[in-house]
Structures are given as C-alpha cells and as structure tokens.
Novice: 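After the structure tokens below, expect a handful of questions from me.
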Amino acid sequence: VYQACELNVDTQMNLDEDAVRHLVTVLKSRVGDAIILFNGDGYDYRATITHVAKREAAVQVHEKALPANESPLDIHLFQAVARGDKMDWVIQKAVEMGVQSITPLFTVRTGVKLPEDRLRKKMAHWQKIIISACEQSGRSRLPTLRQAISLNELVQSDICWPHSIILDPHHGQSIMRLPQYTQYNIFVGPEGGFSDEESSMLRQQQCLSVQLGPRILRTETAGLAICSVLQARFGD
Ligand code: SAM
C-alpha cells in the first residue's frame with residue numbers, strides 16, 4: 001500500500017485516505033493482517049494493521065527490507081503517446097512487467113495533441129496509475145514517469161543511448177537473437193508508426209531495429225510483448 005510520506009520502523013501511524021480505501025475496498029483488511037507499505041524509496045515497510053474502520057486505519061511498522069521481486073534487468077520504455085485510454089493501459093502493464101521508467105513520447109505521427117495544462121493533468125493521472133499498478137503487482141520500487149518529450153528533443157538531450165531498441169514491424173533482427181544486456185531502452189512507435197526520418201534518426205543514435213514477429217501489433221501491445229520476452233530471457 002502506497003503512502004506519500006516518510007516511513008519509519010517501530011512507529012505507529014495512521015494511513016492516508018487512498019490507502020484506507022485500498023485496504024477496506026480492495027484488500028478487505030482486518031486488524032492483525034500483515035501489509036507492506038511503500039513510499040517510492042525502494043524499500044518494503046512491513047507492518048501490521050492495528051485499527052481499521054470505514055474511513056480510517058492505523059498500522060504498526062516493524063521492519064524495513066529490500067523488495068525481493070525487482071528484476072535484475074533495467075527496462076526503460078519510450079512509448080509514443082497513444083489515443084484515448086490506451087496510454088493508461090500501456091503504463092499499467094509496463095509497471096506490472098517490471099519496467100524502471102516510462103517516457104511518453106510525441107512523434108511526427110502521434111495523433112494526440114496535449115496542451116500544457118492537459119498534459120500536466122495526464123501526467124498526474126499516469127502517476128496514479130503507476131502507484132496503483134505497484135500496489136496491485138506488489139512492487140515497492142516506483143518506476144519513474146519521465147517528463148513527456150518530443151522524439152526530436154529527446155535525441156538532442158543527454159539520454160544514455162547504449163542498448164537502445166527501436167521496435168520496427170518491417171525490418172530488424174529477431175527479438176530472440178538480441179544479445180543480453182543489463183539495460184534496454186525500448187522505443188515504441190505510435191498507431192501510424194515512426195516516420196522514416198525518425199527511424200533513421202534513432203538508428204544514427206545506435207538504436208538497434210528489432211522485429212517482434214511477422215504480425216503488426218497495436219502500439220499498446222508492442223511494448224508489453226517485448227517486455228515479457230526480455231524478462232523471460234534475461235530478467236525475472
Ligand atoms: N502502420 C504502422 C507501420 O507499418 O509501421 C504500424 C505501426 S504499429 C501499429 C505501432 C508500433 O508498434 C510500431 O511503430 C512499432 O514500434 C511497434 N510494432 C508493432 N508491431 C511490431 C512488430 N511486429 N515488430 C516490432 N515492432 C512492432
């Protein structure tokens with residue numbers, strides 16, 4: 001259960017409103033139940049529920065430990081912003097698949113236009129999705145939601161490019177022949193794909209083109225597909 005505050009061992013604390021709702025409506029928790037709290041600092045805080053009512057709950061925190069369910073593989077997903085609520089779905093599944101960061105990308109063919117205020121609201125909404133996906137999948141390390149950025153700007157920034165992959169339905173090496181690294185940066189194109197200029201710009205940055213198979217996947221399927229193959233081959 002996520003708590004946006006400092007957590008300390010050997011303390012009794014009241015949980016915030018969202019956490020209480022999660023305990024009461026989702027987990028149906030009772031006094032004496034063991035729970036794990038997290039605040040994004042990378043640790044599990046093991047606790048026991050000491051009080052629970054409709055709108056309030058308290059816990060005793062008794063142990064701080066490193067989570068045992070983080071993958072040894074660092075996957076950073078650069079996902080072209082998809083229409084409607086598809087981006088919500090991609091973010092939720094990426095967290096479940098153990099990624100370390102998600103960067104929403106604007107590309108030439110991205111059909112979604114988000115003025116600054118709507119983008120700010122979307123980012124806050126996506127951050128909430130990350131938190132609830134962590135709660136659901138038992139992750140205590142919150143993946144980073146990086147600031148949404150255009151692909152052009154990103155290429156000019158100081159991102160670390162080694163082991164970057166551009167998912168390309170038409171060319172590239174098979175995912176099954178990809179060498180083993182400890183980190184992968186994965187670029188997934190929008191519904192209309194990356195433009196030729198964008199693909200060659202990424203390839204000039206040493207991005208490797210990778211194909212996931214003979215069928216064209218929806219943008220919201222492609223990132224999930226590669227994450228599951230990478231975790232199965234090289235991660236956890
Ligand atoms: N009409 C676009 C095209 O032909 O490139 C289709 C784009 S596809 C719906 C959206 C994105 O998902 C692509 O830009 C690519 O990054 C990824 N993708 C979909 N199927 C793929 C496959 N079989 N192999 C690798 N990447 C794929």
Side-chain angles (χ1 to χ4, degrees), residues 71 73-114 119 122 126 129-130 133 143-157 159-181 183-235:
S71 172
L73 199 57
D74 271 1
I75 301 178
H76 300 277
L77 185 67
F78 295 81
Q79 168 72 48
V81 176
R83 287 173 200 274
D85 58 6
K86 286 180 185 170
M87 198 64 186
D88 296 7
W89 195 87
V90 170
I91 290 173
Q92 183 187 66
K93 302 304 163 206
V95 175
E96 290 171 30
M97 289 311 306
V99 304
Q100 292 304 329
S101 79
I102 300 155
T103 309
L105 272 189
F106 290 102
T107 68
V108 171
R109 295 187 187 148
T110 302
V112 185
K113 301 267 174 289
L114 289 175
L119 179 60
K122 272 279 180 205
W126 291 334
I129 288 179
I130 289 179
T144 308
L145 177 63
R146 295 194 196 285
Q147 188 53 47
I149 188 167
S150 76
L151 183 59
N152 261 326
E153 273 180 88
L154 182 77
V155 168
Q156 279 149 43
S157 71
I159 177 191
C160 175
W161 288 100
H163 315 149
S164 293
I165 289 167
I166 171 171
L167 287 186
D168 186 332
H170 308 292
H171 343 84
Q173 70 179 78
S174 156
I175 175 72
M176 295 312 285
R177 293 165 97 202
L178 204 61
Q180 177 164 13
Y181 303 119
Q183 179 190 329
Y184 295 92
N185 304 314
I186 298 166
F187 287 82
V188 186
E191 283 89 348
F194 288 116
S195 70
D196 290 346
E197 293 73 26
E198 287 172 329
S199 299
S200 67
M201 184 167 75
L202 283 170
R203 280 195 291 268
Q204 276 164 24
Q205 304 290 335
Q206 318 305 326
C207 266
L208 206 63
S209 295
V210 166
Q211 241 185 330
L212 290 170
R215 289 167 297 279
I216 296 184
L217 308 175
R218 285 184 181 268
T219 182
E220 69 272 27
T221 315
L224 175 61
I226 191 168
C227 287
S228 46
V229 175
L230 290 177
Q231 294 291 25
R233 290 192 65 200
F234 310 127

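Atoms considered below: every heavy atom in the structure, side chains included; atoms not considered: hydrogens, waters and symmetry mates. If you read the sequence from its start, that first residue is 1, and numbering goes on from there. Both ligands and their constituent atoms are indexed starting at 1 by order of listing.
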Novice: Please state which protein non-hydrogen atom is closest to atom 23 (N) of ligand 1 and give its distance, to 0.1 Å?
Specialist: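 Nearest protein contact, heavy atoms only, for atom 23 (N) of ligand 1 is Arg215 O, 2.8 Å.
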Novice: Among all protein non-hydrogen atoms, which one is nearest to atom 10 (C) of ligand 1, and what is the separation to 0.1 Å?
Specialist: Pro190 O, 3.2 Å
Novice: Considering only non-hydrogen protein atoms, determine which one is nearest to atom 11 (C) of ligand 1 and report residue, atom name and distance to 0.1 Å.
Specialist: Gly189 O, 3.5 Å
Novice: Is there a side-chain contact between Gln79 and Thr219 (heavy atoms, below 4.5 Å)?
Specialist: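 Gln79 vs Thr219: side chains touch.
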Novice: Pull out every atom of ligand 1 sitting under 4.0 Å from any heavy atom of Gln211, numbered as shown with elements.
Specialist: 24 (N), 25 (C)
Novice: For atom 3 (C) of ligand 1, find the nearest protein heavy atom and state the residue, atom name and distance (0.1 Å precision).
Specialist: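 Sorting protein heavy atoms by distance from atom 3 (C) of ligand 1 puts His170 NE2, 3.4 Å first.
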Novice: Does Glu198 use its side chain to pair, donor to acceptor, with the backbone of Val108 at less than 3.5 Å?
Specialist: yes
Novice: How close does the nearest protein non-hydrogen atom get to atom 22 (C) of ligand 1, and which residue and atom is it?
Specialist: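 Checking every protein heavy atom, the shortest distance to atom 22 (C) of ligand 1 gives Pro169 CA, 3.6 Å.
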Novice: How would you list all residue pairs meeting salt bridge (charged side-chain N to carboxylate O under 4.0 Å, His left out) that involve residues 94-112, not counting sequence neighbours?
Specialist: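 The answer is Lys93-Glu96.
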Novice: Quick check on Ala225 - does any of its heavy atoms sit under 4.0 Å from an atom of ligand 1?
Specialist: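 Under 4.0 Å: no for Ala225.
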Novice: Rounded to the nearest 0.5 Å, what separation is found between the CZ atom of Arg146 and the CG atom of Leu105?
Specialist: 12.0 Å
Novice: Holding to salt bridge (Lys or Arg N to Asp or Glu O under 4.0 Å), I want the full list of residues that pass it with Lys86, two or more places apart in sequence or in another chain.
Specialist: Glu191
Novice: At what distance, to the nearest 0.5 angstrom, does CG of Leu208 lie from CG of Asp168?
Specialist: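 Here the rounded value is 11.0 Å.
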Novice: Hey, does Leu212 come in under 3.5 Å of ligand 1, counting only N/O atoms on both sides?
Specialist: yes
Novice: Can you pull out the closest protein heavy atom to atom 7 (C) of ligand 1? Residue, atom name and distance to 0.1 Å, please.
Specialist: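 So the nearest neighbour among protein heavy atoms is Glu191 O, 3.4 Å.
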Novice: Which of these passes side chain to side chain contact (heavy atoms under 4.5 Å, CB included) with Val210: Ile166, Ile175, Ile186?
Specialist: Ile175
Novice: Taking the minimum heavy-atom distance to atom 26 (N) of ligand 1, which of Leu167, Thr107, Ile166, Ile165 ranks first?
Specialist: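 Closest candidate by heavy-atom distance is Leu167.
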Novice: As a check for students: among Ala222, Gly223, Gly192, identify the option with a heavy atom nearest to atom 17 (C) of ligand 1.
Specialist: Ala222
Novice: Would you call the rings of Tyr184 and His163 parallel, tilted or perpendicular if under 30° counts as parallel and over 60° as perpendicular?
Specialist: tilted
Novice: Going by atom types alone, do Ser71 and Gln100 pair a side-chain donor with an acceptor below 3.5 Å?
Specialist: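 No, because no side-chain N or O of Ser71 sits under 3.5 Å from a partner of the opposite role on Gln100.
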Novice: List ligand 1 atoms under 4.0 Å from Gly213, heavy atoms only on the residue side.
Specialist: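 Near Gly213, the atoms of ligand 1 are 23 (N).
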Novice: Does at least one non-hydrogen atom of Val210 fall below 4.0 angstrom from an atom of ligand 1?
Specialist: yes
Novice: For ligand 1, which is the ligand I care about here, please tell me if Leu217 has any N or O atom under 3.5 Å from one of the ligand's N or O atoms.
Specialist: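 It does: an N or O of Leu217 is found under 3.5 Å from an N or O of ligand 1.
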